[in-house]
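Numbered from 1 within each chain, the chains take letters A, B, ... in sequence-line order.
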Number of protein chains: 4
Amino acid sequence: MLENLKREVFDANIRLVDYNLVISTWGNVSGIDRNNNLIVIKPSGVDYDELSADDMVVVDLNGNVVEGELKPSSDTPTHIELYKAFPKIKGVTHSHSTYATVFAQALMEIPCLGTTHADNFYGPVPLTRFLTKDEVKENYEKNTGLVIIERLADMEIESVPGILVAGHGPFCWGKSAADSVEKNLILEKIAEIAFKTLSLNKEVKNLPDYILDKHFLRKHGPKAYYGQKK
Amino acid sequence: MLENLKREVFDANIRLVDYNLVISTWGNVSGIDRNNNLIVIKPSGVDYDELSADDMVVVDLNGNVVEGELKPSSDTPTHIELYKAFPKIKGVTHSHSTYATVFAQALMEIPCLGTTHADNFYGPVPLTRFLTKDEVKENYEKNTGLVIIERLADMEIESVPGILVAGHGPFCWGKSAADSVEKNLILEKIAEIAFKTLSLNKEVKNLPDYILDKHFLRKHGPKAYYGQKK
Amino acid sequence: MLENLKREVFDANIRLVDYNLVISTWGNVSGIDRNNNLIVIKPSGVDYDELSADDMVVVDLNGNVVEGELKPSSDTPTHIELYKAFPKIKGVTHSHSTYATVFAQALMEIPCLGTTHADNFYGPVPLTRFLTKDEVKENYEKNTGLVIIERLADMEIESVPGILVAGHGPFCWGKSAADSVEKNLILEKIAEIAFKTLSLNKEVKNLPDYILDKHFLRKHGPKAYYGQKK
Amino acid sequence: MLENLKREVFDANIRLVDYNLVISTWGNVSGIDRNNNLIVIKPSGVDYDELSADDMVVVDLNGNVVEGELKPSSDTPTHIELYKAFPKIKGVTHSHSTYATVFAQALMEIPCLGTTHADNFYGPVPLTRFLTKDEVKENYEKNTGLVIIERLADMEIESVPGILVAGHGPFCWGKSAADSVEKNLILEKIAEIAFKTLSLNKEVKNLPDYILDKHFLRKHGPKAYYGQKK
């Protein structure tokens with residue numbers, strides 16, 4: 001079942017390696033079939049070298065395995081919460097990509113310091129709070145999803161294609177599995193440039209709002225004029 | 001029409017990827033046919049993987065599309081202003097290459113700290129001012145070009161093969177599309193070395209003028225003796 | 001003799017190059033046959049390009065060459081001490097991988113600043129003391145092993161898959177030669193992220209203990225639920 | 001003439017690119033035939049992509065071109081001075097490799113902070129003074145060689161396989177063209193690790209002398225025991 005989606009999700013996971021966003025068995029990408037409410041996700045702790053499209057696991061929105069020989073990613077409950085909270089997203093990526101993880105560990109949002117950032121995030125990249133002891137003890141991975149959703153409470157999901165979980169790393173999302181990986185790639189580059197900008201000039205201020213507006217809105221929303229007509 | 005120039009511009013755009021100066025759909029390179037006053041430029045927001053020489057768009061100096069199925073880069077008006085202001089240049093590259101963008105975001109010129117820099121820029125790499133709210137609101141991309149030209153007012157274009165736009169990133173130029181990409185590659189390396197030099201020793205001074213003169217003038221101008229005779 | 005182990009150890013040494021953990025002739029990986037108490041290790045100072053599986057050297061636990069035309073790695077006595085002290089390990093890797101070496105030279109343990117670290121080390125990455133003048137003068141490489149063992153005195157070897165030798169660099173270990181290289185790769189990434197986190201925010205605190213516990217113990221020990229059942 | 005040496009020098013120049021020590025047309029490697037006092041060197045300002053072994057230029061110790069269609073590297077007089085001053089060296093490499101150039105621009109020697117350094121340089125990597133205005137005006141490249149030689153006055157050439165020219169970048173040497181490139185690769189890695197160590201801990205002290213002695217002398221000189229017997 002869902003052979004096309006399995007292939008898409010497999011390709012997206014491999015791209016995570018090709019983009020240098022993960023090493024070892026780290027990271028996981030999923031995609032959702034919104035008609036059937038079924039998620040396809042990478043199996044847990046398998047070497048990317050040994051992975052095939054057939055190894056992708058199908059789970060429902062309660063986390064039950066519907067098809068697949070292998071255990072799904074241990075982060076599956078986080079993906080499920082995101083899909084349930086945000087009907088517009090169809091792909092989710094989690095990695096420990098270096099610079100995004102650096103901001104997550106430093107407990108700092110990524111400020112919007114330039115148009116590279118403004119083209120992709122409509123404001124700072126948000127950071128969650130730490131999970132509490134109780135949230136970690138039971139249903140840790142599900143609660144990770146809930147803490148992300150809590151942080152995004154007043155935000156438009158299209159304006160924020162990713163987030164940093166405190167002390168952990170980034171989760172990103174998009175209109176497909178592949179798109180969520182692309183968002184992680186972009187987040188990683190934005191984080192790298194912000195990190196180095198702050199290193200060069202600690203006094204730097206955020207980009208003026210009118211330039212942020214211009215750049216985000218020329219690429220996103222009804223008045224966008226970047227890219228080709230679809 | 002302009003099949004050779006299309007091929008050149010396409011190759012130059014691909015080189016931008018090979019040189020790691022762009023990710024995703026970022027960046028754009030153009031070339032100009034000075035006899036016909038026609039510019040060939042990358043289409044807007046197309047994946048590099050899916051790009052072919054035939055996708056390159058031909059525009060005139062008023063920004064009208066003369067040939068091509070796709071919309072030209074949204075930065076086309078910036079390229080046009082540069083070609084109009086500087087008759088000697090025949091190629092323009094825009095990217096968000098990491099270290100050049102870091103200086104642009106930090107609102108710092110790149111000081112001339114060594115001979116690597118002096119071989120290529122005859123003094124600091126200049127930085128524009130921010131565009132005003134009005135300049136952003138209407139004709140943003142054209143005004144980006146005008147702000148660059150304003151900053152270069154008293155300079156020789158051959159001595160300054162590139163510039164940093166405040167809060168944005170680099171624009172570079174040269175005697176062909178390929179040459180403008182080469183200039184961006186060199187600017188990026190100069191920026192990287194300057195960034196790290198300032199990180200190691202904040203008190204470092206500019207290279208003595210007599211060494212700057214020697215290095216720039218042994219590679220450029222009538223007394224150059226670097227390279228082969230053309 | 002031990003042809004399979006030679007192949008494994010050779011492959012693991014080559015992986016050290018592929019992972020960018022070594023340049024030139026630096027670094028060495030070994031594996032042990034616990035049934036026969038024989039170690040297979042890379043020869044000393046040979047170019048990786050010219051290395052073959054047949055060049056691997058077989059030594060016993062007293063350092064005597066049992067088979068092989070070439071001299072074993074000059075670090076062989078360090079490997080031997082580690083195998084003698086820790087019966088559970090079956091592979092050892094030594095490199096001068098950049099960020100791990102940076103912490104070793106800075107004489108700093110790597111603090112546990114995030115879940116990337118907590119997934120792999122159950123607490124900070126330890127640092128040895130400097131060897132004394134006498135320890136360096138005679139049996140330097142053996143004493144390097146003893147100083148590592150001294151530092152690990154009260155620790156579980158499974159919770160600490162690697163260590164930093166002061167002023168020198170990392171040694172890592174695992175359940176095979178390949179696994180010890182994987183541990184070095186992971187240590188290097190952890191070190192890189194910690195280095196950059198400290199650079200961005202010097203005041204950052206260690207990850208809360210309850211998150212460290214959760215992450216380490218979901219991957220290691222009897223209650224682990226990450227990965228597939230073996 | 002000297003076809004073997006041309007091939008060696010060509011291969012060494014290409015390796016400079018493969019090792020990421022140069023971009024564009026930067027850098028140059030030479031080798032010397034000590035029997036005939038003839039130097040083979042890269043031509044000036046030619047793209048590495050377009051270079052072939054036949055393009056290598058043969059010059060004598062007075063800088064006269066003995067064979068070759070192209071102009072030799074503009075740095076040829078520097079190479080000549082080094083060959084004349086140090087009869088034991090048979091290859092010279094000049095590059096603007098990033099971290100070595102960073103120390104040269106920061107006007108700092110590279111302190112010996114660890115065994116990676118001590119395995120290769122018997123003490124800090126030296127830095128020349130700036131050339132004076134007069135030294136730059138006439139015979140700049142020859143004077144660059146003389147300033148290097150001045151700085152090495154009391155040193156053993158075997159203990160110092162490279163140097164930093166103030167505000168410029170590294171020159172390295174060895175027992176062949178290929179060996180001098182290898183020395184630049186190693187210098188670059190040492191510089192990178194030192195740069196990052198100083199960034200992490202500004203108070204770090206030099207490696208104790210007894211460890212420096214041990215590491216340098218186990219690889220070099222009559223009591224060396226690293227590597228295979230030649």
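- With rounding to the nearest 0.5 angstrom, the OH atom of B:Tyr140 is 9.5 Å from the OH atom of A:Tyr210.
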From CA spacing to verdict: side chain to side chain contact (heavy atoms under 4.5 Å, CB included), A:Lys196, B:Gln105: CA-CA 10 Å; A:Lys196 289 173 178 169; B:Gln105 293 193 165; over 6 Å; no
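- Rounded to the nearest 0.5 angstrom, A:Ile186 CD1 and B:Ser24 OG are separated by 4.0 Å.
- Both the backbone and the side chain of B:Phe103 come within contact range of chain A, with heavy atoms under 4.5 Å apart.
- Heavy atoms of B:Thr132 lying under 4.5 Å from chain A belong exclusively to its backbone.
- Atom CG of B:Leu107 sits about 10.0 Å away from atom CG of A:Leu200, to the nearest 0.5 Å.
- Residues B:His168 and A:His215 are in side-chain contact: their nearest non-hydrogen atoms beyond the backbone lie under 4.5 Å apart.
- Comparing A:Ile193, A:Val204, A:Asn201 by heavy-atom pairs within less than 4.5 Å of chain B, the highest count is held by A:Ile193.
- Chain B forms the most heavy-atom pairs under 4.5 Å with one residue out of A:Pro208, A:Gly227, A:Ala118, and that residue is A:Gly227.
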Take A:Tyr19 and B:Ile23 through the side chain to side chain contact (heavy atoms under 4.5 Å, CB included) test and state the conclusion after the steps. CA-CA 10 Å; A:Tyr19 281 168; B:Ile23 59 164; over 6 Å; no
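- If you measure heavy-atom distances from B:Glu141 to chain A, the contacts under 4.5 Å come from the side chain alone.
- Looking at A:His117, there are no atoms closer than 4.5 Å to chain B (heavy atoms on both sides), in backbone or side chain.
- Interface residue A:Asn120: only side-chain heavy atoms are found under 4.5 Å from chain B.
- Contact between A:Gln228 and B:Pro43 at its shortest, heavy atoms only, is NE2-CB, 3.8 Å.
- Looking at B:Thr25, the atoms closer than 4.5 Å to chain A (heavy atoms on both sides) sit in the backbone and in the side chain alike.
- Neither the backbone nor the side chain of B:Ser199 comes within contact range of chain A, judged by heavy atoms closer than 4.5 Å.
- Listed options B:Lys202, B:Met108, B:Lys137, B:His96 were ranked by heavy-atom pairs under 4.5 angstrom with chain A; first place goes to B:His96.
- Of the two parts of B:Val46, only the side chain, counted from C-beta on, holds a non-hydrogen atom closer than 4.5 Å to a non-hydrogen atom of chain A.
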Worked check of side chain to side chain contact (heavy atoms under 4.5 Å, CB included) between A:Asp119 and B:Trp26: CA-CA 10 Å; A:Asp119 282 334; B:Trp26 302 358; 6.0 Å; no
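- Only the side chain of A:Lys189 comes within contact range of chain B, with at least one heavy atom under 4.5 Å from a heavy atom of that chain.
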Working note: B:Asp75 + A:Arg218, criterion salt bridge (charged side-chain N to carboxylate O under 4.0 Å, His left out); need CA distance, chi angles, decisive distance, verdict. CA-CA 11 Å; B:Asp75 294 316; A:Arg218 77 173 185 166; 3.7 Å; yes
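- Closest approach of A:Tyr226 to B:Ser44, counting heavy atoms only: C-OG, 3.7 Å.
- For A:Asp213, no part lies near chain B; criterion is any non-hydrogen pair under 4.5 Å.
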